[in-house]
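Nothing fancy with the numbering, it's 1 onward along the sequence. One-based numbering, in listed order, for ligands and for the atoms of each.
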Amino acid sequence: MARVFNFSAGPAALPEAVLKQAADEMLDFGGTGTSVMEMSHRGKAFIDIHARAEADLRELLAIPKNYKVLFLQGGAAAQFALIPMNILGDKKSADYIYTGQWSKKAISEAKKLCKVNVAASSEDQNFSYAPAQSSWKLDPNAAYVHYTSNETIGGVEFNWIPETGNVPLVADASSHILSRPLDVSKFGLIYAGAQKNIGPAGLTIVIVRDDLLGKAMPSTPEVFNYKVQAEADSMINTPPTYAVYIAGLVFAWLKKQGGLAAMEKLNVAKAKLLYDYLDQSEFYQSPVAKNDRSRMNVPFRLKSEALDGDFLKGAQAAGMVELKGHRSVGGMRASIYNAMAIEGVQALVKYMQEFEKKHA
Ligand SMILES: *Cc1c(COP(=O)(O)O)cnc(C)c1O
């Protein structure tokens with residue numbers, strides 16, 4: 001059976017080389033005679049896998065020494081609550097930037113734990129842009145400023161890093177982490193569910209600056225306490241071992257591709273191909289402001305909604321799947337993460353051209 005081009009927003013496509021290596025190592029990892037899934041997380045083989053994954057991630061993102069890297073469970077959505085639980089400290093409120101479905105959920109969870117000040121929003125234009133820093137009404141006494149640096153559903157990406165002074169900046173980078181180099185030192189905390197651009201679902205990565213540790217609410221569960229997990233190398237209990245292993249293979253693969261600068265070049269080329277086509281076409285339309293368009297998630301609409309079904313059916317027949325847009329937005333969405341080769345985007349544009357010719 002041939003592999004298809006998978007445009008899923010998440011769980012998303014993984015590099016074929018990673019899947020092949022995992023297949024090769026499935027029954028006998030490195031001469032242990034067991035699968036990684038069957039190993040003790042306290043044994044040498046897994047501890048090595050875990051340590052190498054962390055070291056490679058640190059190298060890829062050039063994570064400074066005064067940051068901890070945590071490999072947790074619960075998804076990015078668990079972090080919506082765990083961030084205030086862990087870093088609110090003696091503060092009473094936090095600032096949030098409201099730019100779409102994911103920041104909405106983050107806000108709603110935080111509201112259960114603290115006062116939320118929505119410091120900026122793009123709701124006025126249906127979440128189609130990233131509000132300029134000049135419009136943000138930040139509170140200097142906030143515990144932190146939270147924003148969703150890439151809104152997976154709306155396809156809006158911040159291509160700049162907000163300036164928040166002494167207030168720690170917190171980013172939900174789930175759907176574009178590792179798609180470009182990032183100056184981690186500008187952040188207090190960065191988090192990401194793995195299943196978009198890192199690896200399998202079940203693993204959540206938290207990169208947190210040391211001074212934000214040790215402020216957790218007394219009610220915080222041990223497994224979700226950043227400081228406790230940091231001190232235990234994220235192994236206060238059984239970590240998602242297989243997901244960590246695959247993420248580690250992806251990190252090694254990224255290094256082999258030339259690291260994040262090389263990935264960024266490729267991602268820019270992929271996104272340009274698709275957006276340039278959308279922009280010259282009368283048949284397709286991108287709903288997102290030009291400067292704020294995501295390189296990873298590309299929503300677009302056809303001239304008529306009535307053609308959506310035919311478009312998806314034809315795409316499937318041509319070996320391209322998961323192009324249906326999120327139910328809250330409609331239309332189409334092509335997610336073109338690191339693992340999507342440029343050939344996949346070329347095939348999509350070619351199919352879109354043919355479809356346009358037939359239906360214009
Ligand atoms: C997918 C996604 C989430 C939710 O991730 P889970 O791992 O399902 O909890 C949160 N934020 C963003 C930006 C996402 O893309």
Exercise for the section: Tell me, with the steps shown, if F127 and Y98 meet ring pair (Phe, Tyr, Trp, His ring centres under 6.0 Å). Expected result: CA-CA 8 Å; F127 305 114; Y98 181 26; 4.9 Å; yes
Problem - ligand 1 versus Y191: contacting region, heavy-atom distance under 4.0 Å - result: neither
Exercise for the section: Provide, to 0.1 Å, the distance between atom 15 (O) of ligand 1 and the closest protein heavy atom, together with that atom's residue and name. Expected result: T152 OG1, 2.4 Å
Practice task
Assign the ring pair Y284 / F300 to parallel, tilted or perpendicular, where the plane angle (0 to 90°) is split at 30° and 60°.
Solution key: perpendicular
Handout entry: Closest approach of any protein heavy atom to atom 5 (O) of ligand 1, naming residue and atom
Key = A76 CB, 3.6 Å
Problem - Point-to-point distance, once rounded to the nearest 0.5 Å, from CZ of F311 to CE of M320 - result: 7.5 Å
Problem - atom 9 (O) of ligand 1: the protein heavy-atom neighbour that sits closest, reported with distance to 0.1 Å - result: A77 N, 2.8 Å
Exercise for the section: Check whether any heavy atom of Q195 sits under 4.0 Å from an atom of ligand 1. Expected result: yes
Practice task
Using a strict 4.0 Å cut-off to heavy atoms of F80, name the atoms of ligand 1 that fall inside it.
Solution key: 10 (C)
Exercise for the section: Among W102, Y96, F158, find the residue that satisfies the ring pair (Phe, Tyr, Trp, His ring centres under 6.0 Å) test when tested with Y147. Expected result: F158
Exercise for the section: Answer with side chain, backbone, both or neither: which part of N150 has a heavy atom less than 4.0 angstrom from an atom of ligand 1? Expected result: backbone
Exercise for the section: Specify the protein heavy atom at minimum distance from atom 1 (C) of ligand 1: its residue, its atom name, and the distance to 0.1 Å. Expected result: K196 NZ, 1.5 Å
Problem - Proximal ligand 1 atoms for S174, defined as those under 4.0 Å from one of its heavy atoms - result: 11 (N), 12 (C), 13 (C), 14 (C), 15 (O)
Handout entry: Side chains of N338 and N267, donor plus acceptor under 3.5 Å
Key = yes
Practice task
Examine the side chains of E157 and S149 and answer whether a donor and an acceptor come within less than 3.5 Å of each other.
Solution key: no
Handout entry: Taking atom 11 (N) of ligand 1 as the reference point, the nearest protein heavy atom with its distance
Key = D172 OD2, 2.6 Å
Problem - Charged N-O contact under 4.0 Å between D279 and R293 - result: yes
Problem - ligand 1 atoms in contact with G75 (distance to a heavy atom under 4.0 Å) - result: 7 (O), 9 (O)
Handout entry: Side chain to side chain, N197 and H176, heavy atoms closer than 4.5 Å
Key = no
